[in-house]
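Remarks on the structure that follows.
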Amino acid sequence: MKRRSFIQKTALGSGAISLSGTMAYANNSKIEAPYKFNLKYAPHLGMFKGLAGEDPIDQINFMADQGFTAFEDNGMMKRDVALQTKMGETLAKRNMTMGVFVVDKGGNMANTLAAGKQEYLDIFLDGCKKAVEVAKRVNAKWMTVVPGGFERNLPIGVQNANVIEALRRGAEIFEPHGLVMVLEPLSDSPDLYLRTSEQTYLVCKGVDSPSCKILYDIYHMQKNEGHLIHNMELTWDEIAYIQIGDNPGRKEPTTGEINYKNVFKWIHEKGFDGVLGMEHGNSKQGKTGEQAVIDAYKEVDSFL
């Protein structure tokens, strides 16, 4: 399964940049005061394109006008430099925190770091170096890293050592810039090396760097291990970023089995001031579905 296939693509070229600074979605509608969310929920491009229009800058402005104070973009490294720059400027102007983008290492299952092969390591480290430049343009702090698949012909201890050593090398690139790679355990395939928060915690402790932490994706971890609050508590000192999606279906909160109001209440009580990426699809199509996403977040955010 190709990771994040639900994320709708938008125009990537510099021609998609809004030059006027006006917001097309606002032409015929009244702008209300932004909603005051308790946590930094981060939508992605395409999530509100019916209400905001196709232009990436208009979409970011729409998110800000709805009260969202963060934004994430997995595909940021693949966007042209002019658009990256314009997105970074817009986020700064709207006082929005840039969330994760994915470090380009050739795909989730490719170039597995568990193999300990130099050519795989070189591809990963090259991606880390390029990610530093992208992070500067958009004022990002966190970058998602997926180490790849298992190397089944090696003992698990050797695989762990190979991954830890590779990530130490990556951390050396990020540390001078104050950047953090966040490791994401996934549920997409049993062949992926990182599968649980426990295992990711072990790897982070082995790397022992402020530039290597956990991305706790609630959707994936509900599928792989459950006991969400318990497992977050056990690994909390290494969690730097959180992502959201209800299960089953990987849609907005309130559409599945996860009691997100309780989970968010617990996260808020922990004093978490980082980003919670809305890495999910919309359960309904069109503008009605987009408004349903906004309403769902207002509902689960009402935990105080």
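- A donor-acceptor contact shorter than 3.5 Å links the side chain of Asp104 to the backbone of Gly106.
- Applying the side chain to side chain contact (heavy atoms under 4.5 Å, CB included) rule to Asn262 yields the partners Asn259; only residues at least two apart in sequence or on another chain are considered.
- His44 places no side-chain N or O within 3.5 Å of a backbone atom of Asp73 that could act as its donor or acceptor partner.
- Under a cut-off of 6.0 angstrom, the local environment of NZ in Lys287 is sparse, with at most 12 non-hydrogen atoms contributed by other residues, nucleotides or ligands.
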- Query: For Thr69 and Thr97, what are the C-alpha separation, side-chain angles and deciding distance, and is it a side chain to side chain contact (heavy atoms under 4.5 Å, CB included)?
  - Reply: CA-CA 6 Å; Thr69 55; Thr97 301; 6.0 Å; no
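- Using a 4.5 Å cut-off on side-chain heavy atoms (C-beta onward), Val182 and Val145 make no contact.
- Residues Asp246 and Glu257 share a closest heavy-atom pair of OD1-N, 3.3 Å.
- Residues Leu183 and Tyr219 fall into different hydrophobic clusters, defined by Ile, Leu, Val, Met, Phe, Trp and Tyr side chains chained together at heavy-atom separations under 4.5 Å.
- Glu198 CD: 12 or fewer foreign heavy atoms inside a 6.0 Å radius.
- A distance-only check finds a donor-acceptor pair linking the side chain of Tyr241 to the backbone of Val100 [under 3.5 Å].
- In this structure, Met221 and Ser197 approach most closely via the heavy-atom pair SD-N, 3.7 Å.
- The main-chain N or O of Arg195 is found under 3.5 Å from a side-chain atom of Asn224 such that the two form a donor-acceptor pair.
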- Message: Before you tell me yes or no, could you show the steps for Leu45 and Arg79 under side chain to side chain contact (heavy atoms under 4.5 Å, CB included), namely the whole-Å CA-CA distance, both residues' side-chain angles and the distance that decides it to 0.1 Å?
- Response: CA-CA 12 Å; Leu45 293 183; Arg79 304 192 187 281; 3.6 Å; yes
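- The two residues Ala140 and Met98 have their closest heavy-atom pair at CB-CG, 3.7 Å.
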Only pairs under 3.5 Å count here: list side-chain donor-acceptor contacts from residues 124-133, not counting sequence neighbours, and write none if there are none.
residue, atom, partner, partner atom, Å
Asp126, OD2, Lys130, NZ, 3.1

- Task: For the pair Arg94 and Asn61, evaluate side chain to side chain contact (heavy atoms under 4.5 Å, CB included) and give the outcome as yes or no after the intermediate values.
- Result: CA-CA 7 Å; Arg94 300 308 304 266; Asn61 278 314; 2.9 Å; yes
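- The shortest distance between side-chain heavy atoms of Val146 and Leu186 falls below 4.5 Å.
- In this structure, the side chain of Thr144 does not engage the main chain of Val102 through any donor-acceptor pair within 3.5 Å.
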Side-chain donor/acceptor pairs under 3.5 Å, residues 157-168, sequence neighbours excluded:
residue, atom, partner, partner atom, Å
Gln159, OE1, Glu151, N, 2.8
Gln159, NE2, Glu151, O, 3.1
Gln159, NE2, Leu154, O, 2.9
Asn160, OD1, Tyr193, OH, 2.5
Asn160, ND2, Ile156, O, 3.4
Asn162, ND2, Ala114, O, 2.9
Asn162, ND2, Val158, O, 3.4
Arg168, NE, Gly206, O, 3.2
Arg168, NH2, Gly206, O, 2.7

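- Between Leu194 and Pro147 the shortest side-chain heavy-atom distance falls below 4.5 Å.
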- Query: For Gln59 and Asp55, what are the C-alpha separation, side-chain angles and deciding distance, and is it a side chain to side chain donor-acceptor pair (under 3.5 Å)?
  - Reply: CA-CA 6 Å; Gln59 291 184 42; Asp55 183 89; over 6 Å; no
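- Here the closest heavy-atom approach between residue Ile244 and residue His280 is recorded as O-CD2, 3.6 Å.
- Pairing each heavy atom of Leu113 with each of Tyr120, the nearest pair is CD2-O, 4.3 Å.
- With sequence neighbours excluded, no residue forms a salt bridge (Lys or Arg N to Asp or Glu O under 4.0 Å) with Lys105.
- Pairs engaging residues 249-278 under the ring-ring contact (aromatic ring centres under 6.0 Å, His included) rule: Tyr41-Phe264, Trp236-Trp266, Trp236-Phe272, Tyr260-Phe264, His268-Phe303 [sequence neighbours left out].
- Using modelled atom types, one side-chain atom of Asp80 and one backbone atom of Leu83 make a donor-acceptor pair closer than 3.5 Å.
- By the side chain to side chain contact (heavy atoms under 4.5 Å, CB included) test, Gln118 is found to be paired with Leu121, Asp122, residues two or more places apart in sequence or in another chain being considered.
- Side chain to side chain, Tyr201 and Asp237 meet the donor-acceptor criterion of an N or O pair below 3.5 Å.
- More than 12 heavy atoms of other shown residues, nucleotides or ligands fall within 6.0 angstrom of atom NZ in Lys261.
- Residues Leu276 and Ile267 form a side-chain contact, since some pair of their non-hydrogen atoms from C-beta on lies under 4.5 Å apart.
- Around atom NE2 of His177, more than 12 heavy atoms belonging to other residues, nucleotides or ligands sit under 6.0 Å away.
- Checking side-chain atoms of Asn282 against main-chain N and O of Met47 turns up a donor-acceptor pair under 3.5 Å.
- Checking Glu252 against Ser283 by side-chain atom types alone, a donor-acceptor pair falls below 3.5 Å.
- At most 12 heavy atoms of other shown residues, nucleotides or ligands fall within 6.0 angstrom of atom CG in Asn95.
- Here the side chains of His220 and Gln243 are not in contact, with every heavy-atom distance at 4.5 Å or above.
- Proximity of Tyr216 to Met232: side-chain heavy atoms (C-beta onward) are separated by under 4.5 Å at one or more points.
- Judged purely by atom type and a 3.5 angstrom limit, Gln84 uses its side chain to pair as donor or acceptor with the backbone of Met76.
- Between Tyr297 and Phe37, the distance from one ring center to the other does not fall under 6.0 angstrom.
- Clustering ILVMFWY residues whenever any of their side-chain heavy atoms sit less than 4.5 angstrom apart, transitively, puts Met77 in the very cluster that holds Phe174.
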- Task: Take Ile294 and Phe48 through the side chain to side chain contact (heavy atoms under 4.5 Å, CB included) test and state the conclusion after the steps.
- Result: CA-CA 9 Å; Ile294 297 169; Phe48 302 122; 3.6 Å; yes
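- Between the side chain of Glu290 and the backbone N or O of Gly50 there is at least one donor-acceptor pair closer than 3.5 Å.
- Across every non-hydrogen atom of Ala296 and Pro253, the tightest pair is CB-O, 3.4 Å.
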